[in-house]
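Per chain, numbering begins at 1; letters A, B, ... match sequence-line order.
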There are 2 protein chains.
Amino acid sequence: MATLTPRSLRTRARILDAALDLFERQGYDATTVAQVAAAAGVTQMTFFRHFPTKDSVLVSDPYDPLLARAVAAQPRDLGPVERVRRGLLAALGTIEPVEDATAERRVRLVAAHPALRAAVAAATADTERAITDALVADGVPRLDAAVAAAACLGACTAALLAMPDLPDRPDPTDGGRHLGAVVTRALELLGESP
Amino acid sequence: MATLTPRSLRTRARILDAALDLFERQGYDATTVAQVAAAAGVTQMTFFRHFPTKDSVLVSDPYDPLLARAVAAQPRDLGPVERVRRGLLAALGTIEPVEDATAERRVRLVAAHPALRAAVAAATADTERAITDALVADGVPRLDAAVAAAACLGACTAALLAMPDLPDRPDPTDGGRHLGAVVTRALELLGESP
DNA sequence: CCACGAATGTTAGTGACTAACATTGTGTCG
DNA sequence: CGACACAATGTTAGTCACTAACATTCGTGG
């Protein structure tokens with residue numbers, strides 16, 4: 001799991017490539033960790049040293065503190081849902097360009113498999129709690145905070161996972177910007193209630 | 001898995017009781033399926049015939065079609081989010097009394113364990129898709145429908161899972177009615193956006 | 001060239017889940 | 001009331017994700 005030295009980064013990349021390849025070719029379930037490891041010229045053990053679980057190759061979520069801060073920075077006189085909504089929209093511009101090239105491949109694989117959507121939910125739980133705690137620390141009742149965070153993050157996740165099913169998909173070369181646009185749309189939808 | 005004959009119902013109940021007991025006493029992870037089966041006077045095999053997975057003892061979600069219909073029955077001139085919101089509120093009164101006695105024990109166990117929250121998400125996915133499809137069949141764009149369904153269901157789930165952390169817990173005898181109240185509050189929160 | 005630490009390999013094990021086939025119980029019908 | 005038929009359980013053997021403890025190689029700096 002030590003992702004510090006250049007050598008480590010290379011093997012990690014090899015494993016990721018091999019995994020995406022095999023998952024796309026034979027499906028996620030039909031692909032064993034041993035196969036992925038072999039295709040990457042590596043042992044099962046090494047696989048698990050770089051990715052804690054099989055699904056962690058496809059799912060990651062490193063943005064917690066950033067998002068929580070962006071939410072807390074919104075005006076206190078707004079309703080909790082609106083506050084999370086605007087906070088996420090504000091944070092989107094900051095982190096979006098970081099999206100790497102494999103993002104869209106991963107989204108497609110995850111969207112296709114129910115068990116993987118669950119893994120995404122598990123990963124999102126951390127972010128959810130970070131946002132909830134930030135609001136609670138600001139005087140928002142815990143229930144309200146939890147509901148607001150879950151609704152907004154759920155909306156974003158759903159938008160991402162709905163992408164492969166969408167009729168129009170212009171410019172498939174750069175998924176990153178496209179991903180951001182869809183998420184923005186999701187949060188805007190939450191704004192126009194009636 | 002054949003839950004038809006009275007005998008089958010009895011063993012199923014025994015397994016469920018044993019599972020809740022052991023999960024509460026030693027924790028979910030520390031309890032193996034073999035232990036649960038033994039405590040229920042049954043084999044591992046039989047456990048899996050009644051519950052497809054270990055977590056399915058705690059997670060279930062049989063309401064899909066009902067909810068989807070309730071959502072579709074709402075006025076078409078509303079925004080998708082508002083439509084799902086009102087649909088769920090309307091359906092709540094219908095199904096709430098059905099909640100059985102173990103509901104609150106299950107909620108507490110699930111809320112305590114991150115991996116189980118993922119299982120809930122997986123179970124909710126079916127309901128989510130049912131609602132989404134109902135809206136799409138009604139002319140709502142797929143993205144909008146998916147976002148609305150995910151936001152509202154995410155809000156409800158978050159409210160349920162937040163319950164154990166709530167300061168006031170009056171009347172712990174009947175969790176069912178209490179559960180319904182919390183979900184209702186969640187959906188009302190989504191209504192007051194600004 | 002050698003030593004030192006990080007990265008990888010090896011082995012052995014646990015636990016959730018599955019498949020194929022044998023066995024027991026339970027209700028029904030003659 | 002007894003036998004038949006079928007559902008429910010048991011048995012066995014296996015796969016796969018994941019973990020722990022210890023041995024080995026690789027790469028870099030002295």
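Every side chain to side chain donor-acceptor pair (under 3.5 Å) that A:R185 has, sequence neighbours left out, goes to B:D144. For A:A122, the side chain to side chain contact (heavy atoms under 4.5 Å, CB included) test picks out B:A118, with sequence neighbours left out. Annotation: side chain to side chain contact (heavy atoms under 4.5 Å, CB included) contacts of B:A130 (sequence neighbours excluded): B:D64, B:A68. Scored by the side chain to side chain contact (heavy atoms under 4.5 Å, CB included) test, A:R10 finds A:R7 as partners (sequence neighbours excluded). Annotation: side chain to side chain contact (heavy atoms under 4.5 Å, CB included) contacts of B:D21 (sequence neighbours excluded): B:R25, B:R105.
A:R142 and A:D133 are joined by a salt bridge, as a carboxylate oxygen and a charged side-chain nitrogen come within less than 4.0 angstrom of each other.
Annotation: proximity of residues 109-119 of chain A to DNA chain C (heavy atom, distance under 4.0 Å) is found for no residue.
Contacts of A:S56 with the nucleic acid, taken as non-hydrogen atoms under 4.0 Å apart, are absent.
For B:I15 and D:dG10, the CD1 to C1' distance is 13 Å, given to the nearest whole Å. Rounded to an integer number of Å, the gap from CD of B:Q35 to C1' of C:dA16 is 13 Å. Between the CG atom of A:L9 and the P atom of C:dA6 there is a distance of 16 Å, given to the nearest Å. Atom-to-atom, CG of B:D29 to P of D:dA17 comes out at 19 Å; the value is rounded to the nearest Å. The interatomic distance linking B:H50 (NE2) with D:dA8 (P) rounds to 8 Å, in whole Å.
A ring-ring contact (aromatic ring centres under 6.0 Å, His included) check over residues 118-142 of chain B, counting only residues at least two apart or in different chains, returns nothing. Listed by first and then second residue, the ring-ring contact (aromatic ring centres under 6.0 Å, His included) pairs involving residues 122-150 of chain A amount to none (not counting sequence neighbours). Contacts classified as ring-ring contact (aromatic ring centres under 6.0 Å, His included) and involving residues 147-166 of chain A (residues at least two apart or in different chains) are not found. Sequence neighbours left out, the pairs with a member in residues 104-150 of chain B that pass ring-ring contact (aromatic ring centres under 6.0 Å, His included) are B:Y28-B:H113.
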- Task: With side chain to side chain contact (heavy atoms under 4.5 Å, CB included) as the test, would you mind laying out the steps for B:R83 and B:V140 before giving the verdict?
- Result: CA-CA 11 Å; B:R83 224 167 134 192; B:V140 178; 4.0 Å; yes

Between protein and nucleotides 22-25 of chain C, what N or O pairs are separated by less than 3.5 Å?
none

Restricting both atoms to N or O, compile the protein contacts to nucleotides 17-19 of chain C shorter than 3.5 Å, with distance only.
| unit_1 | atom_1 | unit_2 | atom_2 | d |
| --- | --- | --- | --- | --- |
| C:dC17 | OP2 | B:K54 | N | 2.6 |

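For D:dA7, neither phosphate oxygen OP1 nor OP2 lies less than 4.0 angstrom from any side-chain nitrogen or oxygen of B:S8.
If you check D:dT9, C:dA7, D:dA17 against the side chain of A:T5, the one that comes closest is C:dA7.
In terms of position on DNA chain C, the residue among A:T43 and B:A34 whose nearest nucleotide sits closer to the 5' end is A:T43.
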